[in-house]
Visitor: 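Quick one: this structure, given as structure tokens, is what I'll be asking you about.
Here is how names work: the chains are called A, B, and so on, in the same order as the sequence lines, proteins then strands, and each is numbered from 1.
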Amino acid sequence: MTLIECPRESDVLDALASQRWPHRTNQELVDHVASCDVCRDVLAVAEAMREDHDATWREASVPSSGQVWWRAEMRARHEAIRAASRPITVAYVASALAAFVLIAAAVWLAWPAIHEYVSAMAPLQAPALTSPLTLPLLVALGAFLIVAPVALYLVLSDE
Amino acid sequence: MFTRDMTFTDVERLDRIAARAVETFVMDEDAFRAFYDRTARSVWSYLARITGDRSLADDLLQESYYRFLRAERAFDSESHRRNYLFRIATNLAHDRHRRGRHSISVPVPAENEPGALMDGSDLAGDTERRADLARAMATLKPREREMLWLAYAQGSSHEEIAESLGVRKASIKILLFRARRRLAAALGGPSAFTRSRA
């Protein structure tokens, strides 16, 4: 059966942590490590990692606590404001859509009268207005004229 | 957004909302600064070693403390607070790993870094041993790297490791044993024992 731990592991780690290993450690522990697979692995891993930890610690160049606090504060404020502004954004988009639907409906309903008026005013251009594509094109143009400024506003206001 | 069209009342309202966001932090500025000064280097070292990427460790450090501040939970003790911070850092590193940034490089000290303030032979030996460790660590699973670092570099107890990694305490012993055995084998060559006694 493979042993997964040894009661002397903590002695080995203590000796390493207190920098007594290997020269100021009692011989009995040294002999034990030489004969114990678990303690040998613990020593190999812990020694390498502690050395690396100490070096990494010295190299660590972390920002100051004041700087980290300030950034966190700014970010929290910004996120809170964004979250609070979200309903306003939704209201703007909903208003734009409602305006579009209303205008499209008005153009649709008034189309016979517009057609009649334009035909009377410009009889030579009337064939263009009788085309089946005219109404959808006019509605699309109207929608573009309404939606484009709103979209532009939404994009630019992010800055 | 839409600040151009805001009334003075809107601005005041948003200002109050922003101030409240900071009030929800888990600690005030003085307490945070003291806690940060006690833990930042450990967290950075941990992140640098488990990700193998110093600049990523810089980013994740800031993010870890931000998420910690926004945690909306109470902590019984310094140890609990610290373990929770390491858990956040671990989860962030896992997220980055899943998103594809998982190269485990060898963060060796440059000559002008404070870690390099030693004589030439020491520096060469130190750099070589650290490179060996980094290569060996790269062969392990992320969870194994984290566990070994917490246990042997930082000296965390099994309970602290379990809390930091979100693993059951009962599993730590066997997981740690397997990870340690794999790393010892990957380190290969003359063992630390023989190196130390030489």
Side-chain angles (χ1 to χ4, degrees), chain A residues 2-5 13 16-17 21-23 30 33-34 37-86 88-89 92 153-154 157-158, chain B residues 1-4 13-14 17-22 24-25 29 32-37 40-45 48-49 58 61-62 65-66 69-70 107 109 113-115 117 126 129-130 132-134 136 148-149 151-155 173-174 177 180-181 183-184 187 191-193 195-197:
Chain A
T2 309
L3 283 178
I4 66 165
E5 63 179 343
L13 292 174
L16 263 182
W21 184 271
H23 302 297
V30 174
V33 172
D37 288 345
V38 172
C39 286
R40 220 173 20 244
D41 284 353
V42 166
L43 179 67
V45 168
E47 192 176 40
M49 296 199 94
R50 277 175 192 266
E51 194 176 280
D52 189 53
H53 175 263
D54 292 348
T56 311
W57 177 280
R58 285 193 301 269
E59 292 156 23
S61 132
V62 297
S64 72
S65 54
Q67 199 178 357
V68 173
W69 173 267
W70 180 79
R71 282 189 197 150
E73 200 176 43
M74 288 300 109
R75 184 167 159 194
R77 285 174 180 274
H78 182 68
E79 283 179 3
I81 289 172
R82 275 181 75 97
S85 305
R86 210 164 290 136
I88 302 174
T89 310
Y92 268 83
Y153 180 80
L154 289 174
S157 60
D158 251 346
Chain B
M1 200 180 223
F2 299 117
T3 46
R4 273 174 282 175
R13 184 177 66 88
L14 290 179
I17 288 168
R20 272 203 298 276
V22 176
T24 62
F25 280 178
E29 184 174 355
F32 172 78
R33 290 177 73 154
F35 177 66
Y36 177 89
D37 290 339
R41 280 175 176 266
S42 289
V43 177
W44 188 89
S45 303
R49 179 46 76 203
D58 292 340
L61 180 81
Q62 178 79 40
Y65 280 98
Y66 180 69
L69 282 169
R70 306 292 310 259
E113 285 183 334
L117 296 176
D126 181 60
R129 282 194 295 277
R130 294 183 68 201
D132 287 344
L133 176 66
L148 289 170
W149 185 265
Y152 297 112
Q154 300 199 170
K173 201 179 284 183
I174 185 73
F177 164 72
R180 189 177 64 218
R181 200 160 60 169
L183 182 62
L187 281 170
S191 71
F193 175 77
R195 194 173 71 222
S196 302
R197 301 296 290 175

Visitor: Please answer whether the main-chain N or O of Ala34(A) pairs with a side-chain N or O of Arg40(A) as donor and acceptor at a distance below 3.5 Å.
Guide: yes

Visitor: Where does Leu69(B) contact chain A at under 4.5 Å (heavy atoms): side chain, backbone, both or neither?
Guide: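 For Leu69(B), side-chain heavy atoms alone lie under 4.5 Å from chain A.
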
Visitor: Please report the interatomic distance CG(Asp132(B)) to CG(Leu187(B)), rounded to the nearest 0.5 Å.
Guide: 7.5 Å

Visitor: Is Thr24(B) in contact with chain A via its backbone, its side chain, both, or neither, using a 4.5 Å heavy-atom distance?
Guide: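 Neither part; nothing is under 4.5 Å.
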
Visitor: Select one option (side chain, backbone, both, neither) describing which atoms of Arg20(B) are under 4.5 Å from chain A's heavy atoms.
Guide: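 No part of it gets close to chain A.
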
Visitor: Below 4.5 Å from any heavy atom of chain A, which atoms of Tyr152(B) appear? Answer side chain, backbone, both or neither.
Guide: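 The answer is both parts of Tyr152(B).
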
Visitor: For Leu13(A), is it the side chain, the backbone, both or neither that has a heavy atom under 4.5 Å from a heavy atom of chain B?
Guide: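 Side chain only.
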
Visitor: Could you tell me whether the side chain of Tyr66(B) and the main chain of Trp69(A) form a donor-acceptor pair under 3.5 Å?
Guide: no

Visitor: For a salt bridge (Lys or Arg N to Asp or Glu O under 4.0 Å) check, start with the C-alpha distance between Arg130(B) and Glu51(A), then their side-chain angles and the critical distance, and finish with the verdict.
Guide: CA-CA 8 Å; Arg130(B) 294 183 68 201; Glu51(A) 194 176 280; over 6 Å; no

Visitor: Sort Phe25(B) into side chain, backbone, both or neither according to what part of it lies under 4.5 angstrom from a heavy atom of chain A.
Guide: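 Side chain only.
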
Visitor: Where on Glu29(B) is there a heavy atom nearer than 4.5 Å to chain A: the side chain, the backbone, both, or neither?
Guide: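 Looking at Glu29(B), backbone and side chain both touch chain A.
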
Visitor: How many angstroms lie between CD in Gln154(B) and CZ in Arg50(A), if you round to the nearest 0.5 Å?
Guide: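 Between atom CD of Gln154(B) and atom CZ of Arg50(A) there are 10.5 Å.
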
Visitor: Counting only N and O atoms by type, is there a donor-acceptor contact under 3.5 Å from the side chain of Arg41(B) to the main-chain atoms of Trp57(A)?
Guide: yes

Visitor: Return the option, out of Ala17(A), Ser64(A), Ala83(A), with the maximum number of heavy-atom pairs under 4.5 Å with chain B.
Guide: Ser64(A)

Visitor: Against chain A, work out which of Ala34(B), Gly155(B), Ser42(B) has the most heavy-atom pairs shorter than 4.5 Å and name it.
Guide: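 Of the candidates given, the most pairs with chain A belong to Ser42(B).
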
Visitor: Are the side chains of Val42(A) and Val33(A) in touch, meaning some heavy atoms are under 4.5 Å apart?
Guide: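 Heavy-atom side-chain distance check fails, nothing below 4.5 Å.
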
